[in-house]
**Q** 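Next up is a structure, given as structure tokens.
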2 protein chains.
Amino acid sequence: MADVATLVEQARQGRPRAVARLITLVENAAPELREVMAALAPYSGRAYTVGLTGSPGVGKSTSTSALVSAYRRLGKRVGVLAVDPSSPFSGGALLGDRVRMQEHATDPEVFIRSMATRGHLGGLAWAAPQALRVLDGAGCDVILVETVGVGQSEVEVAAQADTSVVLLAPGMGDGIQAAKAGILEIGDVFVVNKADRDGADATARELNHMLGLGESRQAGDWRPPIVKTVAARGEGVDELVEALEKHRGWLAETGELDARRRRRAAQEVEAIALAALRARIGDLRGDRHLDALAGQVAAGELDPYAAADRLVAELTS
Amino acid sequence: MADVATLVEQARQGRPRAVARLITLVENAAPELREVMAALAPYSGRAYTVGLTGSPGVGKSTSTSALVSAYRRLGKRVGVLAVDPSSPFSGGALLGDRVRMQEHATDPEVFIRSMATRGHLGGLAWAAPQALRVLDGAGCDVILVETVGVGQSEVEVAAQADTSVVLLAPGMGDGIQAAKAGILEIGDVFVVNKADRDGADATARELNHMLGLGESRQAGDWRPPIVKTVAARGEGVDELVEALEKHRGWLAETGELDARRRRRAAQEVEAIALAALRARIGDLRGDRHLDALAGQVAAGELDPYAAADRLVAELTS
């Protein structure tokens, strides 16, 4: 492998293969990451990150692809990180089926990468920020973070983005009810996609109503807009970009952008610290001491808390 | 609340409300758990635990219910723990729709409890063993652990059980292919449910073929049987119980039962230790030091690894 400094330099120049290899290092939790992140630190915090979440079938990939096109028309360099937190099969890009992204595959100003995080030490909280740092360092102006697979990780993905877009579609059954209050809290911008279908207005109305219910907003608070799109035909996508840019402006003006990024950095540092502590515990796994403790617990001679106390004492002494 | 000693005593006598309240303590990660687990430790390790996993639609609930009936006919006290690792809404039993379990609701020798673990500090690895200890302490002879919701946590649920049952059904599309090798590794017993449907034989054959492919078994190794059931009519369920008891016998004879329980105890102790360490980090969250580190990381002045190093140093000094 090329040495880390060279890879980072190539990624900084926007070379796709170098970017891909660095993200693979993240996915594999490679020891070289320390050096990579140290080298990238000065170039972080430039990209605007947008998270896209929603149940399967609402058109996440199509919307992501349409957003890529829209931002490309604005001359922006765009990164797409498709995160699969549910796949137990790590190490693999699972985007074979993501034909919708194919149209951007040859655009040198678009970086598309998928990442499996399930089974990953520390999971999404650990891996996603580092993958974002790579794309950020590669000069992306905008990074779209999308979940693939089952749509239950809204909250975690949203936590990684400056702006969270929640997608809905009409005719998805009792979509909003099922998702309940959870999605209302995380959405900065809501999209009713497939807006040419029956029920789109009803979905938007219901959503509007639910957003209003939680109303205890103060002047200057952000009021999440609802944008109707038909992403497959590109309709409404310019309006979506407009809503995103408006939110970005609000974030910057109010200081919320810095606050969010600081919170994310704290979580990232915590996740890495926790992974390090977990690794230390892992080092003890073959250890006679942990094995003996486990034997006592299995035999009912010791309760698991008392055993954990001894383990922690050993780690932190 | 009744004091912990009284609750544990009542649970030991098999009083359902006491059992339910103890499991709620687990779900809430209540501080009283330390005392509860210490009191239960001498009574643990008696129950035989069976994990049931499979994609939505294969008939997990129906199969679980049929197994409850079968074990009740054998005079066993049965616990059912339905784990929902995917629900972001913690603290709630989500079994309103589990009508199939209703027939057992009034049986004093059956304990049914659901538990949401998503968002739980430490997740399933932390919570499930402790809920199992409660049911074990309540004198359950058999405990069935079932996942509800999306079926992607096979591996984690299987890790909690003495015997792992993987359920499939014909006509679930490319069920086996999609699940790939993952399910082959964790299944001790395979069930093709809805065996009265077209394609049941083909599913069983395909499964048999795939199990054979991985063949590098030695004499004395366990060869996972494939049982066909129509759980909704109770067909094949006695055969399933027979297969389970056979596996249980194999586990005991080979020493694998002790080995599995010891491994589980080690994981449980690790998970509790990790949660304790995470809580220590959490204590630092409002802390000026972590906030300052996060600020430096967000500003690109410090990389997250270097920041994490400082955090770990602070924790372990």
Side-chain angles (χ1 to χ4, degrees), chain A residues 33-34 37-38 40-45 86-89 118-119 129-130 149-150 152 154-155 180 182 258 261-266 268-278 281-282 285 290-291 293-309 311-312 315-317, chain B residues 33-34 37-38 40-45 86-89 118-119 129-130 149-150 152 154-155 180 182 258 261-266 268-278 281-282 285 290-291 293-309 311-312 315-317:
Chain A
L33 281 180
R34 252 176 191 280
M37 293 304 143
L40 286 175
Y43 311 106
S44 68
S86 68
S87 170
F89 310 107
R118 173 88 169 194
Q130 297 189 53
V150 282
Q152 91 283 23
E154 277 87 353
V155 180
K180 283 186 205 144
D258 283 342
R261 290 183 170 183
R262 226 176 148 105
R263 271 201 302 275
R264 265 149 58 192
E268 185 186 6
V269 171
E270 282 184 35
I272 294 176
L274 213 59
L277 290 166
R278 192 182 295 193
I281 293 182
R285 203 168 288 180
L290 177 54
D291 191 52
L293 285 176
Q296 286 179 276
V297 170
E301 294 157 15
L302 191 67
D303 74 86
Y305 283 92
D309 283 348
L311 194 60
V312 170
L315 276 176
T316 58
S317 66
Chain B
L33 282 179
R34 251 175 193 283
M37 293 304 143
L40 286 175
Y43 310 107
S44 69
S86 69
S87 171
F89 310 108
R118 173 88 168 194
Q130 297 190 52
V150 283
Q152 91 284 25
E154 277 87 354
V155 180
K180 282 188 203 142
D258 283 343
R261 289 182 172 186
R262 228 178 147 107
R263 269 201 303 274
R264 265 150 57 192
E268 185 186 4
V269 170
E270 281 184 35
I272 294 176
L274 213 59
L277 290 167
R278 190 182 296 192
I281 293 182
R285 204 168 287 181
L290 177 55
D291 190 51
L293 285 176
Q296 284 179 275
V297 171
E301 296 158 14
L302 190 67
D303 75 85
Y305 284 90
D309 283 348
L311 194 60
V312 170
L315 276 176
T316 57
S317 63

**Q** Measure distances from B/Leu302 to the heavy atoms of chain A and classify the residue's part below 4.5 Å as side chain, backbone, both or neither.
**A** backbone

**Q** Of the backbone (N, CA, C, O) and the side chain (C-beta and beyond), which part of B/Asp258 lies under 4.5 Å from a heavy atom of chain A, both, or neither?
**A** neither

**Q** Select, from B/Pro42, B/Gly295, B/Gly45, the one with the greatest count of heavy-atom pairs under 4.5 Å involving chain A.
**A** B/Gly295

**Q** Select, from A/Gly300, A/Pro304, A/Ala306, the one with the greatest count of heavy-atom pairs under 4.5 Å involving chain B.
**A** A/Pro304

**Q** Any idea which heavy atoms bring B/Ala308 and A/Ala273 closest together, and the distance?
**A** CB-N, 3.7 Å

**Q** Determine the minimum heavy-atom distance between A/Ala294 and B/Arg262, stating which atoms define it.
**A** CB-O, 3.5 Å

**Q** Can you give me the closest heavy-atom contact between B/Ala298 and A/Ala265, atom names plus distance?
**A** N-CB, 4.0 Å

**Q** Return the CG to CD distance between B/Asp303 and A/Glu268, rounded to the nearest 0.5 Å.
**A** 9.0 Å

**Q** Using every non-hydrogen atom in the two residues, find where A/Val297 and B/Ser44 come nearest and quote the distance to one decimal.
**A** O-OG, 4.4 Å

**Q** Quick check on the interface: out of A/Arg261, A/Glu301, A/Met37, who has the most heavy-atom pairs with chain B under 4.5 Å?
**A** A/Met37

**Q** So which part of B/Gln296 gets closer than 4.5 Å to some heavy atom of chain A, the side chain, the backbone, both or neither?
**A** neither

**Q** What's the spacing between A/Leu311 CG and B/Leu277 CG if we round to 0.5 Å?
**A** 8.0 Å

